[in-house]
Amino acid sequence: MLTIAIALAGYAVYFTVNWKLLQQKGQTIGKKVMGIRIANLDGSKPNLKSLLLKRYLPLASLPYIPYAGMALMYADTFWIFGKRRRCLHDIIAGTQVVRA
């Protein structure tokens with residue numbers, strides 16, 4: 001139970017810090033610094049609800065899947081080396097990372 005509480009607190013801080021940028025520009029602070037943003041496949045800015053439910057929730061849930069969770073996290077990360085350079089969470093959400 002403590003692990004879940006700590007995780008939820010961490011996500012709360014993350015989204016408190018990044019909420020406005022995600023909502024307005026499809027960026028987190030890190031993406032803003034790097035000059036990139038999250039976009040739909042047509043280049044438009046995804047809505048915040050879509051980002052939270054399709055992009056962040058599946059990725060945040062992976063570590064809590066016994067045994068397979070860490071392997072899935074690595075698979076998600078290594079997907080970036082594919083031809084389209086999109087992580088698995090981008091494919092699930094129908095998003096891509098583009099230059100801002």
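- At least one side-chain heavy atom of Met73 sits under 4.5 Å from a side-chain heavy atom of Met70.
- Contact check for Leu52 versus Leu57: no side-chain heavy atoms found under the 4.5 Å cut-off.
- Side-chain atoms of Lys45 come within 3.5 Å of backbone atoms of Gln23 as a donor-acceptor pair (strictly under, hydrogens ignored).
- Closest heavy-atom contact between Asn40 and Gln96: O-NE2, 3.2 Å.
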Please list, one pair per line, the donor and acceptor atoms closer than 3.5 Å that link side chains of residues 88-95 to other protein atoms, with sequence neighbours excluded.
residue	atom	partner	partner atom	Å
His89	ND1	Asp76	OD1	2.9
His89	ND1	Asp76	OD2	2.9
Asp90	OD1	Arg55	NH1	2.1
Asp90	OD1	Thr95	OG1	3.0
Asp90	OD2	Cys87	N	3.3
Thr95	OG1	Arg55	NH1	3.1

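- Once rounded to the nearest 0.5 Å, the distance linking CG of Asn18 with NZ of Lys31 reads 9.0 Å.
- Linking ILVMFWY side-chain heavy atoms closer than 4.5 Å, directly or via other members, places Trp19 and Leu21 in two distinct hydrophobic clusters.
- Atom CG in Leu48 sits 13.5 Å away from atom NZ in Lys20 (nearest 0.5 Å).
- Among residues two or more places apart in sequence or in another chain, the side-chain contact (heavy atoms from CB on, under 4.5 Å) test is passed with Ser50 by Asn47, Lys54.
- Hydrophobic clustering (ILVMFWY, side-chain heavy atoms < 4.5 Å, transitive): Tyr11 and Leu59 are in distinct clusters.
- The two atoms that bring Gln27 and Arg37 nearest to each other are CG-CB, 3.5 Å, heavy atoms only.
- The hydrophobic side chain of Val98 is isolated, with no ILVMFWY side chain under 4.5 Å apart from it.
- Connection of Ile36 to Val17 is not established within any shared hydrophobic cluster, with ILVMFWY side chains joined at heavy-atom distances below 4.5 Å, either directly or through further cluster members.
- Here the closest non-hydrogen pair linking Pro46 and Ala39 is CD-CA, 3.8 Å.
- Within 6.0 Å of OH on Tyr64 lie more than 12 heavy atoms contributed by other residues, nucleotides or ligands.
- Under the 6.0 Å cut-off for aromatic ring centres, Tyr56 and Phe15 qualify, their centroids lying closer than that.
- With a 4.5 Å cut-off on side-chain heavy atoms, Leu22 and Thr28 count as touching.
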